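Predicted model only: the values in this text are computed from it and were never measured.
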Protein chains: 2
Amino acid sequence: MTSISTHDLILSSARTLIVSGGYNGFSYADIATVVGIRKASIHHHFPTKAELVRSLVAGYRKEAEAGLGALEGAVADPADRLRAYVGYWQRCIADASAPFCICALLASEMPALPEEVGAEVRAHFRTLAAWLRTALEQGAGQGRFRLERDAASEAEGFMATIHGAMLSARAYGDAACFDTITDSLLDRLTARP
Amino acid sequence: MTSISTHDLILSSARTLIVSGGYNGFSYADIATVVGIRKASIHHHFPTKAELVRSLVAGYRKEAEAGLGALEGAVADPADRLRAYVGYWQRCIADASAPFCICALLASEMPALPEEVGAEVRAHFRTLAAWLRTALEQGAGQGRFRLERDAASEAEGFMATIHGAMLSARAYGDAACFDTITDSLLDRLTARP
DNA sequence: CTACGTCTACCTTCTGGTAGGTAGATCGTC
DNA sequence: GACGATCTACCTACCAGAAGGTAGACGTAG
């Protein structure tokens with residue numbers, strides 16, 4: 001049994017911490033406590049906080065791209081694909097394992113973020129929007145969706161609603177709120193014209 | 001000419017600061033610099049940071065309720081009313097005067113917020129959702145809107161999309177992104193069945 | 001005289017970050 | 001196989017500055 005490297009333990013605990021309070025909501029001391037090493041040892045793995053978070057978001061993006069890519073390969077029907085994507089977040093929020101997209105969270109703090117981190121966040125938004133656009137285009141081509149605008153705009157609207165639903169679930173402290181909003185988002189798309 | 005009270009100067013500078021970086025993104029020192037007084041003097045007006053922010057959000061809520069109420073009285077057509085609401089934010093974002101709803105921003109940091117502040121944020125979400133619901137119900141009653149779900153769910157979806165659009169505009173650094181998303185949100189509602 | 005608003009001066013704790021050192025694994029070289 | 005040299009991952013100890021907050025003095029307006 002191979003134990004997880006300290007490097008990865010730092011990243012994963014930072015991820016958990018950042019999900020709950022954003023960039024300025026956690027410190028090296030917090031991570032040190034969780035991982036069980038000293039503050040200074042974190043600097044051995046990540047020289048600065050900005051670099052730690054940049055690296056964390058880069059890893060998150062890679063995971064997301066892999067996940068979205070896998071979904072594209074595994075689920076042929078665009079409607080089911082979008083349902084699978086939304087379902088993923090419904091589960092994350094319901095079991096509170098990771099109840100917020102770190103990029104959505106960091107986006108709200110954009111003006112206060114180190115530039116390197118901001119760039120990663122921006123890139124994630126572009127990736128996700130492009131993936132959604134592809135699904136919408138395919139669905140429209142198959143006569144499966146009725147789009148009222150170009151696919152790119154619809155994709156931005158879809159993404160915004162998902163992120164806003166995360167915000168509402170958090171504000172109300174009610175996971176079901178996310179489901180209500182996203183279910184009707186999906187229904188609207190797949191309803192016959 | 002009556003000069004603005006220090007009390008209000010503190011609140012308004014705190015509002016500007018919080019819009020850009022959230023609860024942990026500003027300090028008493030930051031406010032002191034902007035207002036031109038010493039840190040300690042702020043404590044004379046607001047004993048703790050939590051109380052300052054709670055009071056700030058409470059004031060924001062009051063303003064919002066007044067503004068929404070006035071809109072309800074002044075604009076009879078529910079579609080125009082929603083358009084006016086969205087237009088307000090389009091202008092705020094375009095001129096960068098206050099490019100984010102502080103309650104939406106604080107909602108993302110909910111788990112890290114003092115309880116008193118969290119309660120105010122939650123209350124704002126409820127107020128706004130209720131106002132939107134009324135507009136949607138009126139529009140549906142007049143046959144002006146086609147709703148695919150109950151008005152309450154549609155209102156939550158509407159609010160989520162607005163908040164998500166703010167997030168996207170920030171992530172991309174592109175105010176026009178907010179307009180694209182919200183315009184199609186309004187169009188969809190008012191389009192004939 | 002009093003109440004208020006502001007000040008200086010200070011406190012404690014936390015912040016991200018640095019300096020320098022140590023135990024153990026891995027290395028090339030004889 | 002034995003040798004030192006280097007590398008890795010961690011440590012203790014420290015730093016300067018910022019955080020939120022307190023105590024008490026001072027001046028001014030009513």
Side-chain angles (χ1 to χ4, degrees), chain A residues 1-18 20-57 59 102 106 109 111-118 120, chain B residues 1-57 59 102 105-106 109 111-118 120:
Chain A
M1 171 190 158
T2 321
S3 68
I4 308 150
S5 70
T6 303
H7 182 97
D8 292 348
L9 278 174
I10 292 170
L11 282 176
S12 72
S13 67
R15 194 188 281 206
T16 308
L17 287 163
I18 215 170
S20 95
Y23 188 87
N24 290 309
F26 76 101
S27 70
Y28 269 42
D30 296 328
I31 298 174
T33 306
V34 175
V35 176
I37 55 174
R38 299 300 158 142
K39 242 182 16 157
S41 308
I42 303 172
H43 286 283
H44 173 72
H45 298 277
F46 303 97
T48 64
K49 190 183 184 185
E51 171 52 25
L52 164 60
V53 176
R54 194 209 54 77
S55 160
L56 162 61
V57 178
I102 55 169
L106 290 173
E109 303 176 309
L113 252 35
E115 179 43 39
E116 330 122 66
V117 177
E120 293 285 348
Chain B
M1 170 188 160
T2 320
S3 68
I4 306 148
S5 71
T6 303
H7 182 95
D8 291 347
L9 278 174
I10 293 169
L11 282 176
S12 72
S13 67
R15 193 188 282 207
T16 307
L17 287 163
I18 214 170
V19 163
S20 95
Y23 188 87
N24 290 307
F26 77 100
S27 70
Y28 269 42
D30 296 328
I31 298 174
T33 305
V34 175
V35 177
I37 54 173
R38 300 298 158 146
K39 249 184 7 162
S41 307
I42 302 172
H43 286 283
H44 175 72
H45 299 276
F46 303 97
T48 65
K49 191 184 181 180
E51 171 53 24
L52 164 60
V53 175
R54 195 210 53 75
S55 160
L56 162 60
V57 178
I102 56 170
L105 209 167
L106 290 173
E109 304 176 306
L113 252 36
E115 179 44 39
E116 329 124 63
V117 177
E120 292 285 349

- About how many Å separate CD of A/Glu51 and CG of A/Leu56, when rounded to the nearest 0.5 Å? 10.5 Å
- side chain to side chain contact (heavy atoms under 4.5 Å, CB included) between A/Ile37 and A/Ile10: does it pass, once the steps are laid out? CA-CA 10 Å; A/Ile37 55 174; A/Ile10 292 170; 4.1 Å; yes
- Item | Residues in contact with DNA chain C, drawn from residues 34-54 of chain A - heavy-atom cutoff 4.0 Å | A/Lys39, A/Ala40, A/His43, A/Thr48, A/Lys49
- Locate the shortest heavy-atom distance separating A/Ile42 from A/Ala32; write the atom from each residue and the value. CD1-N, 3.7 Å
- Item | Under 3.5 Å: donor-acceptor pair, side chain of A/Lys49, backbone of A/Tyr23 | yes
- Query: If every non-hydrogen atom of B/Ile31 is compared with every non-hydrogen atom of B/Ala14, which pair is closest and at what distance?
  - Reply: CD1-CB, 3.9 Å
- 5' to 3' contact window, DNA chain C with chain B (heavy-atom distance under 4.0 Å): C/dG5 to C/dA9
- Item | Least distance between heavy atoms, A/His45 atom then A/Ser41 atom | CD2-O, 3.3 Å
- If every non-hydrogen atom of A/Gly21 is compared with every non-hydrogen atom of B/Ala112, which pair is closest and at what distance? CA-CB, 3.9 Å
- What are the two closest heavy atoms between A/Ser55 and A/Leu11, and how far apart are they? OG-CD2, 4.0 Å
- Message: Main chain of A/Arg38, side chain of A/Tyr28: is a donor-acceptor contact present, judged purely on distance under 3.5 Å?
- Response: no
- May I ask you to list the residues of residues 12-31 of chain B, by number, that have any heavy atom positioned under 4.0 Å from an atom of DNA chain D? B/Phe26, B/Ser27, B/Tyr28, B/Ala29
- Item | Main-chain N/O of A/Ala29 paired to A/Thr33 side chain as donor or acceptor, under 3.5 Å | yes
